[in-house]
Amino acid sequence: MDELTAQRLAKLQQLRANGMDPYPPRVTRSHSAAEATAIAESLPADSTEALAGPVDIAGRVVARRDMGKATFVDLQDGSGRIQVLLRQNQLGDELYDALRLVDLGDFIGVHGVPMRTRTGQPTVGARTWAMLAKALHAPPEKYHGLADIELRQRRRYLDLMANEETRRTFTIRSQVVSAVRRFLDSRGFLEVETPILQEAAGGAAARPFITHYNALGEDRFLRISLELHLKRLVIGGMDRVYEIGRNFRNEGMSAKHNPEFTMLESYEAYADYNGVARMAEEMVSSVAGEVLGQTTVQFRGHEIDLAPPWRRLTLHNALKQYGALDIDEFGTAEKLRSELERRGLSVHPGLGWGKLVDEAMSHYVEPNLVQPTILLDYPVELSPLAKRKPGNPKLVERFEAFIGGFECGNAYTELNDPLDQRARFEEQLKLREAGDEEVELVDDDFLFALEHGMPPCGGFGMGIDRLVMLLTGQSTIREVILFPQHKTVKD
RNA sequence: GGGCCCGUAGCUCAGCGGUAGAGCAGUGGACUUUUAAUCCAUUGGUCGAGAGUUCGAAUCUCUCCGGGCCUACCA
């Protein structure tokens, strides 16, 4: 055991010896730090006498300034910080001397009166204090905080203790999720929960995590999307449903990717992708307004205006505009591949035309879509679950929403023709045989459901983590996930 | 997968072939209105791990472990 821990344990024993429980089961608390501060602020400066009624506050000791016969301590609770002044002549010798058993990081409770120092600092003048929970390890350094990125993520509690920005980020995250729920609830959507352990992981082109269910002796897949189960509910007559839940994709990590991430998916019967686009822009701007009080955000050096209407642009025109590439002139995989290779893009062999269009889009278009943009009408082979565009069977009614240079939303007019759906699954199989390993798999159980009739429907998916990145100005997904994935520490 | 960089006290960092350092935290002392309190004294280290080069390695080399950034792949 290290010396610091031993010292703190010794203090813990000394507290017990003094008859003070270092971990009492209950605390008397009448005011939060913020409430006590508000009372003190209503008093004139240098109010050393008891002008307000007594308060009981509690929190973690985050700073300490020992002045001899007076000691200042800063207490922090969930509402903020407040200064406490503990004076020997107020506490008595015994209780004052016991302050030497209080370390940074400990939780204490203070009974005292709101006051202000001669500099006007809101303060609680202590009459008594009590240990609430002794900490055996020191908190991070008081000025520089905790900077080591790995430690901040593995020991997020230390990051939260030390860094105000981290507390702000995760407070906003929580408020964002809650505002999204309010938005959808107010529009008559029902929140549902669907299986995470699935017999077949569908709804997206991604490799799943595999686990094993002992009782049945069968493997299960962790879901990679919410889509196919939510559509089953629409088939059953739940007209407006949504789920906010964790997806798992067995892929690498990056600034934009964590193997488990939180998705919102919503499905609205009798809507199409145009209606969904209007809902998406209203949702994001109203969530921003509720949580941040404004619809503009600063992100990677740009000011982004989230207020609707968002710019609409077809994928076809976007590639023309940003890449000087007319995909109609390169209508087969072979032609498009050779054109992209001629331009110096390295493309994976075996990709079909749709994935090549996606590559070109990622390279030429996506980084330019900083202000909110709805990119419309995708190649059919990229989107096996979306309905074809009337008059152009190579395209589907699908849009992706881009903000800040990355994708944060995806929507279709949902494919409800079970015969076309089966054909589209089979097309995916052919792409797989041609060398593309990440394709949608045939899901017979879903097809059987679809054969019972699904109303026309607009579906929407949005990465909650990425939305939070945008609204908090964080440039990596790991900064908005409390406990992101890390390699196991080996001894 | 490739390139670059980082790992030194509980935390933030310096040192980059010649006796392991600073600030904060801790410990002892002074101080009854401080607030990155101040002042005096002081404890604390297998310098990520292992191997090598050298009279001598935190420092140079190699391997490994963990991490970061960029890039590619996954798509």
Side-chain angles (χ1 to χ4, degrees), chain A residues 1-8 10-11 45-48 61-75 81-91 96 100 102-105 115-123 125-126 135-155 158-159 161-163 204-207 224 249-257 259 345-352 354-363 366 381-382 407 431-432 435-440 475-476 478-479 484-491:
Chain A
M1 184 194 309
D2 66 87
E3 191 184 342
L4 295 180
T5 306
Q7 286 169 351
R8 284 170 178 251
K11 290 174 182 173
D46 203 11
S47 301
T48 51
V61 177
V62 292
R64 175 178 176 144
R65 295 172 293 281
D66 199 316
M67 304 290 300
K69 294 188 174 62
T71 296
F72 290 91
V73 150
D74 290 348
L75 283 193
R81 277 189 188 200
I82 187 163
Q83 174 172 275
V84 175
L85 172 58
L86 303 113
R87 297 196 292 167
Q88 188 172 39
N89 59 352
Q90 292 282 349
L91 298 180
Y96 191 80
R100 67 175 56 246
V102 174
D103 287 304
L104 295 183
M115 52 166 277
R116 294 179 80 175
T117 62
R118 58 175 73 138
T119 58
Q121 174 79 25
T123 301
L136 299 181
H137 300 294
E141 205 257 1
K142 66 179 178 183
Y143 187 60
H144 299 92
L146 189 67
D148 184 294
I149 292 173
E150 184 186 3
L151 266 187
R152 286 184 44 234
Q153 294 172 2
R154 287 191 194 268
R155 302 187 184 165
L158 294 179
D159 187 29
M161 267 180 225
N163 298 319
R207 275 182 297 176
I224 57 174
R249 295 188 182 174
N250 210 334
E251 299 169 348
M253 286 176 262
S254 79
K256 295 187 295 185
H257 299 84
L345 265 68
S346 68
V347 290
H348 195 68
L351 292 187
K355 288 254 170 102
L356 291 168
V357 170
D358 198 37
E359 287 289 320
M361 191 278 292
S362 298
H363 186 263
E366 184 166 5
E381 65 176 277
L382 266 184
E407 181 210 334
L431 289 174
R432 185 190 186 87
D436 187 348
E437 291 181 10
E438 297 210 346
V439 298
E440 192 79 36
S475 57
T476 73
R478 287 200 285 281
E479 291 290 350
Q485 281 296 322
H486 278 279
K487 268 193 113 151
T488 303
V489 180
K490 293 184 183 124
D491 294 326

> Looking at residues at least two apart in the chain, or sitting in another chain, which of them share a side chain to side chain donor-acceptor pair (under 3.5 Å) with A/Lys256?
Replying inline: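 Partners of A/Lys256 under the side chain to side chain donor-acceptor pair (under 3.5 Å) test: none.
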Do any side-chain nitrogens or oxygens of [X] fall under 4.0 Å of OP1 or OP2 in [N]?
X        : N     : answer
A/Lys142 : B/A36 : no
A/Lys11  : B/U27 : yes
A/Arg478 : B/C69 : yes

Only pairs with both distances under 3.5 Å count, Watson-Crick or wobble alike; so what is the partner of [N] in this structure?
N     : value
B/G1  : B/U71
B/U61 : B/A51
B/U19 : none
B/A30 : B/U38
B/G66 : B/C6

>> Taking the basic N atoms (NZ, or NE/NH1/NH2) and the acidic carboxylate oxygens, is any pair closer than 4.0 Å for A/Arg64 and A/Asp74?
In response: no
> If you measure from the Lys or Arg side-chain nitrogens to the Asp or Glu carboxylate oxygens, is any gap between A/Lys355 and A/Glu381 under 4.0 Å?
Replying inline: no
> Mind checking what makes salt bridge (Lys or Arg N to Asp or Glu O under 4.0 Å) contact with A/Lys11, not counting sequence neighbours?
Replying inline: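 Residues passing salt bridge (Lys or Arg N to Asp or Glu O under 4.0 Å) with A/Lys11: A/Asp103.
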> Quick check: are there more than 12 heavy atoms from other residues, nucleotides or ligands sitting under 6.0 Å from CZ of A/Arg65?
Replying inline: yes
> With no angle test and no hydrogens, is the base of B/U34 tied to the side chain of A/Arg65 by a donor-acceptor pair under 3.5 Å?
Replying inline: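 Answer is yes: a donor-acceptor pair is held.
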> What about A/Thr119: does its side chain form a donor-acceptor pair under 3.5 Å with the base of B/U35?
Replying inline: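 Between B/U35 and A/Thr119, which were checked side chain against base, a qualifying N/O pair under 3.5 Å is present.
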Of the candidate nucleotides [options], which contains the atom at the shortest distance from the side chain of [X]?
X        : options             : result
A/Gln7   : B/G26, B/G67, B/G23 : B/G26
A/Ala138 : B/A25, B/C13, B/U32 : B/A25
A/Pro140 : B/C74, B/G68, B/C11 : B/C11

[N] versus [M] - spacing of their [atom1] atoms, nearest Å:
N     : M     : atom1 : value
B/U59 : B/G52 : P     : 14 Å
B/C40 : B/U33 : C1'   : 23 Å
B/U42 : B/G18 : C1'   : 28 Å
B/U8  : B/A14 : C1'   : 10 Å
B/G15 : B/A72 : P     : 33 Å
B/G17 : B/G7  : P     : 15 Å
B/A25 : B/G10 : P     : 16 Å

Reckon [X] touches a base, only the sugar-phosphate, or nothing at all at heavy-atom distances under 4.0 Å?
X        : value
A/Asn89  : base
A/Leu4   : base
A/Asp66  : base
A/Ala205 : nothing
A/Arg64  : nothing
A/Arg8   : nothing
A/Gln88  : nothing

> Pick the nucleotide of RNA chain B nearest each of A/Glu141 and A/Leu104; which residue has the one closer to the 5' end?
Replying inline: A/Glu141
> Considering heavy-atom distances to RNA chain B, does A/Leu151 or A/Gln83 have its closest nucleotide positioned more toward the 5' end?
Replying inline: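 Residue closer to the 5' terminus by nearest nucleotide: A/Leu151.
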>> Can a side-chain donor-acceptor contact be found between A/Glu251 and A/His257 if the only test is distance below 3.5 angstrom?
In response: no
